[in-house]
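Below: the structure, in structure tokens.
For clarity, every value in this text was computed on a predicted model and none was experimentally measured. Numbering of ligands and ligand atoms starts at 1, following listing order.
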Amino acid sequence: MHAHGRDLIRPTIIAGNWKHNPDRSNGESLLRDVMGGVEERRSRMVGDPDSVEVLIFPPLPWLGWLSASGDTAQDSLPISFGAQCVAEVSMGAFTGEVGAQLVKDFGAQWCLVGHSERRTLFGVDDESCARRVRQALDHKLKPVLCIGETLAQRESGDTRSVVGEQLERGLSLCVEGEQPVIAYEPVWAIGTGVTATVEQVAEVHGFLRDRLCELRGSGAEATPILYGGSVKADNAADLLGLSDVDGALIGGASLEASSFLGILDAGIACRGGREPKLHE
Ligand code: 13P
């Protein structure tokens with residue numbers, strides 16, 4: 001077992017998963033408010049503002065909208081964007097699918113893979129996740145592989161075996177040096193208002209870090225592992241303060257600018273605790 005510790009090689013990632021929300025007019029104002037809030041915080045951050053990354057995973061039409069409004073010269077934006085899902089196949093006769101290449105063409109830099117709603121409602125299994133991760137990497141999108149156990153699996157003591165297997169199988173088509181971001185989202189904590197306790201989160205993240213190191217070698221130390229599941233502005237500091245929690249994947253609370261920015265504030269504050277002090 002390796003020693004866990006705060007690790008400055010990993011950025012802190014605060015990511016909003018909008019899921020199938022909101023409608024167009026609310027989305028525009030949400031985006032504007034979030035963008036303004038992030039900009040303002042970056043301007044007064046001490047240290048490297050890129051040490052805290054903000055990502056939004058909106059429904060796909062927003063990527064086209066951002067691209068059309070010229071905003072996907074995304075280097076100039078304080079936020080990066082991603083798709084909530086990418087196809088497991090490349091372009092072709094696959095009605096209804098949107099793949100990594102197209103998502104990338106429209107300015108996204110990231111994608112989620114294997115969110116629990118895709119797994120349970122749309123039949124995405126671990127093998128499919130592996131192919132989607134592969135597609136993302138082949139098209140220079142950064143995948144976030146989502147994993148997590150159900151309540152029944154936790155109660156029967158299977159959490160480690162379930163998430164360990166999801167991790168291994170989801171990464172099975174990655175080659176050396178490729179390292180997707182991981183999001184641990186216990187299914188029972190998603191959208192329920194029931195957040196995993198800091199002890200539960202610390203335990204699973206520590207286990208995942210060890211498992212990643214076994215599977216992927218020492219490069220795994222640089223892999224961000226995010227927590228998701230009922231993260232709110234008032235519980236974010238406790239979760240983000242844990243040494244193996246490198247950020248949050250936020251559903252409901254990302255639909256309101258003030259709560260999302262509140263979580264970002266917690267991330268920035270925790271990051272502050274991680275930076276080496278250069279000046280007194
Ligand atoms: P909630 O934050 O609404 O629980 O959703 C978590 C999630 O599924 C993020 O991907």
Side-chain angles (χ1 to χ4, degrees), residues 12-22 26-27 30-31 34 53-60 62-63 79-86 103 108-124 129 132-133 136 141-151 153-154 159 162-163 166-167 170 180-198 200-201 204-205 208 224-240 242 245-267:
T12 297
I13 297 177
I14 304 297
N17 172 11
W18 285 6
K19 309 193 179 182
H20 194 188
N21 301 291
N26 287 316
L30 175 59
L31 209 45
V34 168
E53 291 188 47
V54 181
L55 318 181
I56 300 280
F57 295 88
L60 282 176
W62 289 102
L63 299 180
I79 294 177
S80 298
F81 290 88
Q84 296 169 12
C85 181
V86 290
V103 165
Q109 295 166 30
W110 293 81
C111 65
L112 300 181
V113 174
H115 188 278
S116 88
E117 287 145 22
R118 301 303 308 174
R119 292 176 187 261
T120 55
L121 301 173
F122 301 99
V124 172
C129 286
R132 291 165 201 267
V133 165
L141 273 185
K142 295 184 244 184
V144 179
L145 176 66
C146 304
I147 59 178
E149 81 289 0
T150 64
L151 187 58
Q153 288 164 334
R154 171 164 285 273
T159 299
V162 168
V163 296
Q166 289 173 333
L167 186 72
V181 170
I182 306 300
Y184 169 57
E185 300 202 292
V187 178
W188 48 272
I190 294 177
T192 58
V194 180
T195 319
T197 64
V198 287
Q200 288 169 325
V201 175
V204 176
H205 278 238
L208 290 173
I225 304 178
L226 317 183
Y227 168 78
S230 298
V231 177
K232 308 277 180 244
D234 61 8
N235 59 25
D238 287 343
L239 293 162
L240 293 169
L242 295 170
V245 175
D246 305 304
L249 183 54
I250 304 137
S254 72
L255 296 173
E256 208 181 284
S258 60
S259 53
F260 184 67
L261 292 168
I263 297 168
L264 174 60
D265 285 336

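- Scanning the protein heavy atoms around atom 2 (O) of ligand 1, the nearest turns out to be G251 N, 2.9 Å.
- When only interatomic distances are considered, the shortest N/O to N/O separation between H115 and ligand 1 falls below 3.5 Å.
- By the 3.5 Å distance cut-off applied to N or O atoms, T192 is not counted among the residues near ligand 1.
- Less than 4.0 angstrom separates some heavy atom of A189 from each of these atoms of ligand 1: 4 (O).
- Each of I182, T12, I225 was checked for a side chain to side chain contact (heavy atoms under 4.5 Å, CB included) with D246, and the lone residue meeting it is I225.
- Applying the 4.0 Å criterion to heavy atoms of G191 picks out, from ligand 1, the atoms 1 (P), 3 (O), 4 (O).
- Judged as a salt bridge (charged side-chain N to carboxylate O under 4.0 Å, His left out), not a single pair has a partner in residues 249-258 (not counting sequence neighbours).
- Taking a cut-off of under 4.0 Å to the non-hydrogen atoms of N17, the atoms of ligand 1 that pass are 9 (C), 10 (O).
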>> Using side chain to side chain contact (heavy atoms under 4.5 Å, CB included), reason through L141 and R132 one step at a time and then give a plain yes or no.
In response: CA-CA 11 Å; L141 273 185; R132 291 165 201 267; over 6 Å; no
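- Remark: among candidates E185, E117, Q84, K232, the nearest residue to atom 7 (C) of ligand 1 is E185, based on non-hydrogen atoms.
- With V231 as reference, I250 is the one residue of I250, L240, I14 to meet the side chain to side chain contact (heavy atoms under 4.5 Å, CB included) rule.
- Distance alone, capped at 3.5 Å, is enough to place a donor-acceptor pair between the R119 side chain and the G114 backbone.
- Contacts between C146 and ligand 1, counted as non-hydrogen atom pairs separated by less than 4.0 Å, are absent for every part of the residue.
- Taking the side chain as every heavy atom from C-beta outward, I56 and S254 never approach each other to under 4.5 Å.
- Atoms of ligand 1 found under 4.0 Å from any heavy atom of G252, numbered from 1 in the order shown, are 1 (P), 2 (O), 3 (O).
- At least one N/O-N/O distance between S230 and ligand 1 falls below 3.5 Å.
- Considering both main-chain and side-chain atoms, G229 never comes within under 3.5 Å of ligand 1 through any nitrogen or oxygen pair.
- A donor-acceptor pair is defined here as one N or O able to donate and one able to accept, closer than 3.5 Å; no such pair exists between the side chain of D238 and the backbone of N235.
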>> As a quick check of understanding, evaluate side chain to side chain donor-acceptor pair (under 3.5 Å) for E185 and H115, giving each step before the final call.
In response: CA-CA 8 Å; E185 300 202 292; H115 188 278; 3.2 Å; yes
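- Taking any N or O of I190, backbone or side chain, none lies under 3.5 Å from an N or O belonging to ligand 1.
- Remark: ligand 1 and G228 share no N or O pair separated by less than 3.5 Å (distance only, no angle test).
- Applying the ring pair (Phe, Tyr, Trp, His ring centres under 6.0 Å) test to Y184 and every residue at least two apart in sequence or in another chain returns H205.
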